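What follows is one structure encoded as structure tokens, with my remarks underneath.
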Amino acid sequence: VVVLIFLFSMTLVLVTQEGSRVPLRPDQLADAAGITEFTWSPDGKSIAYIGPAGGGFDIWTIPSTGGPARRITSTLRFKRQPRWSQDGQWIAFVTVQDDGNTDIRVVSDDGGTLLNLTDTPTEENNPEWSPDGKQIAFTQRVGTKSSIMTVELESQKVRKLTDSPASHLRWSPDGHSIVFVADLLQPSDEKRENQDLFLIPAAGGAPRLLTPGTPRFRDLSPEWAPDSKRLVYSSDESGYSNLYILDTETLSRRALTSGNIDILSPKWSPDGNKVAYVRHENSLFEVQAVFLEDGRTVRISDREGTSGGY
């Protein structure tokens, strides 16, 4: 089941791919004001979010069916990019130090254990768990040089995979590959008019271009199919953001959506038969899903929202 959250007039609303809707009122969960990011636990039972706390920002969790919020961290420093491990026992996140430097931290789901995985004068961002929960991939920048790194949770050993700027890191379900977004073909593109998808082995190596022939277009938001062979991603090559499915071996691809509205944030269903996404038109958002077999679309959310996450 793909589950998403939308923000409707300061009321959090949960919608499932079956179309059911559960309003999560602020008095049940938390005041939506100040929430910057939120993400689902793998089992769908909890939501982790970053919210205000005593003059700072900390990570909180709430039951997805409603209930009191639980504060998981107590460092007050600004945080971002919370990411659950696959077993739901840990939450990785980026913490911003007083000097503006960023580091990778991991906290247990009960808040009892906090691990400082990186503590360097460099900038570390974009944590992404390996499927087995033993490693975290992340980006590191030193001056103008950027790299993709991994850190082992148990030993805290850090290893470089490749030198490249990167965002949207996604580890394949089989653990063999990591896909990411970068502009390696036009590194002087200050307007960031071009973004491509690249693939590296999880053990490290040279990046392989997955989206050749798309200069001046933004290929973004890659998400793996359960079979670890295909990706769904968004591209604005048609003038609007639409979704495409790409075979990572043959590089063959097909359009999944088309039209003059923006389709964003794709997510595969666990059975691989559907892709959920956010439809953006006239500054309003709604959740839809498309069936891969026949292209049929269904609307999941019953009201337009102004913000969303999954």
Side-chain angles (χ1 to χ4, degrees), residues 1-6 15-17 37-42 44 81-86 92 126-133 136-139 148 166-182 195-200 202 207-211 214 217-237 241-258 262-280 285-293 295 297-298 300 308-310:
V1 176
V2 175
V3 191
L4 301 96
I5 317 169
F6 262 50
V15 289
T16 71
Q17 204 166 48
E37 294 183 70
F38 45 89
T39 183
W40 282 87
S41 63
Q81 299 177 338
R83 303 287 187 265
W84 291 88
S85 60
Q86 291 298 316
N126 303 301
E128 170 72 2
W129 287 92
S130 62
D132 62 9
I136 295 175
F138 63 95
T139 59
I148 300 176
S167 63
H168 294 87
L169 304 182
R170 293 293 183 268
W171 215 305
S172 62
D174 62 11
H176 295 165
S177 305
I178 297 173
V179 67
F180 63 93
V181 174
Q195 295 285 308
D196 284 299
L197 305 186
F198 293 86
L199 189 74
I200 57 172
R208 179 166 68 94
L209 176 64
L210 296 179
T211 52
T214 59
F217 299 125
R218 297 182 181 93
D219 301 320
L220 300 169
S221 304
E223 292 290 340
W224 287 97
D227 61 13
S228 296
K229 298 178 180 178
R230 296 170 295 161
L231 291 166
V232 63
Y233 68 98
S234 65
S235 177
D236 63 359
E237 63 180 270
S241 178
N242 277 290
L243 303 185
Y244 297 83
I245 291 181
L246 173 72
D247 186 302
T248 59
E249 291 297 326
T250 65
L251 301 190
S252 62
R253 66 173 191 148
R254 68 179 179 92
L256 187 59
T257 65
S258 61
D262 288 321
I263 306 298
L264 311 166
S265 303
K267 187 73 173 180
W268 290 89
S269 61
D271 61 12
N273 294 328
K274 299 178 288 294
V275 172
Y277 56 85
V278 174
R279 182 182 187 272
H280 174 211
F285 300 81
E286 64 183 54
V287 184
Q288 295 190 354
V290 57
F291 289 78
L292 303 187
E293 184 177 4
T297 62
V298 294
I300 299 173
Y310 54 80

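Just so it is clear, the model here is predicted, and its values are computed rather than measured.
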Inset, instruction - Rounded to the nearest 0.5 Å, what's the gap from NZ on K274 to NZ on K267? Could you check? - result: 14.5 Å
Inset, instruction - For the pair T211 (side chain) and L197 (backbone), establish whether a donor and an acceptor sit closer than 3.5 Å, ignoring hydrogens and angles. - result: yes
Inset, instruction - Kindly compute the distance separating CG (L231) from CH2 (W224), expressed to the nearest 0.5 Å. - result: 4.5 Å
Legend entry - Y244 to R253 - nearest heavy-atom pair and separation: CD2-NH1, 3.5 Å
Inset, instruction - Could you tell me whether a side-chain N or O of T257 sits under 3.5 Å from a main-chain N or O of L243, the two making a donor and an acceptor? - result: yes
Legend entry - Nearest heavy atoms of S241 and L264, plus distance in Å: OG-CD2, 3.7 Å
Inset, instruction - Apply side-chain contact (heavy atoms from CB on, under 4.5 Å) to L292 and L256, showing your working. - result: CA-CA 8 Å; L292 303 187; L256 187 59; 3.5 Å; yes
Legend entry - Test item: D219 and V181 side chains (from C-beta on) under 4.5 Å apart, heavy atoms: no
Legend entry - Donor-acceptor pair, side chain of D247 and main chain of S252, under 3.5 angstrom: no
Inset, instruction - Would you mind reporting whether S228 and P173 have side-chain heavy atoms less than 4.5 Å apart? - result: yes
Legend entry - From OG (S234) to CD1 (I263), nearest 0.5 Å: 10.0 Å
Inset, instruction - Can you measure from OH (Y277) to CD (E286) and round to the nearest 0.5 angstrom? - result: 8.0 Å
Inset, instruction - Nearest 0.5 Å please: distance from the CG atom of L169 over to the CH2 atom of W129. - result: 14.5 Å
Legend entry - Heavy-atom closest pair, residues F285 and V278: CD2-CG1, 3.4 Å
Legend entry - Ion pair K229/E249, N-O distance below 4.0 Å: no
Inset, instruction - State, to 0.1 Å, how close I200 and P207 come at their nearest heavy-atom pair, and which atoms those are. - result: CG2-CA, 3.5 Å
Legend entry - D236 side chain to R218 backbone, donor-acceptor under 3.5 Å: yes
Inset, instruction - Side-chain contact test, heavy atoms from C-beta onward, threshold under 4.5 Å: evaluate it for E128 versus Q81 and give yes or no. - result: no
Inset, instruction - Check ring pair (Phe, Tyr, Trp, His ring centres under 6.0 Å) between F217 and all other residues, then give those that pass, not counting sequence neighbours. - result: none
Legend entry - Nearest-0.5 Å distance that lies between atom CZ in R254 and atom CD1 in I245: 4.5 Å
Legend entry - Side-chain donor or acceptor of W268 paired with backbone N/O of P226 under 3.5 Å: no
Inset, instruction - For S177 and D174, work out which heavy atoms get closest and say how close. - result: N-OD1, 4.3 Å
Inset, instruction - Could you pull out all residues at least two apart from H168 that satisfy ring pair (Phe, Tyr, Trp, His ring centres under 6.0 Å)? - result: none
Legend entry - Under 3.5 Å side-chain donor-acceptor pair for S167 and N126: no
Inset, instruction - Locate the shortest heavy-atom distance separating P82 from T39; write the atom from each residue and the value. - result: O-CG2, 3.5 Å
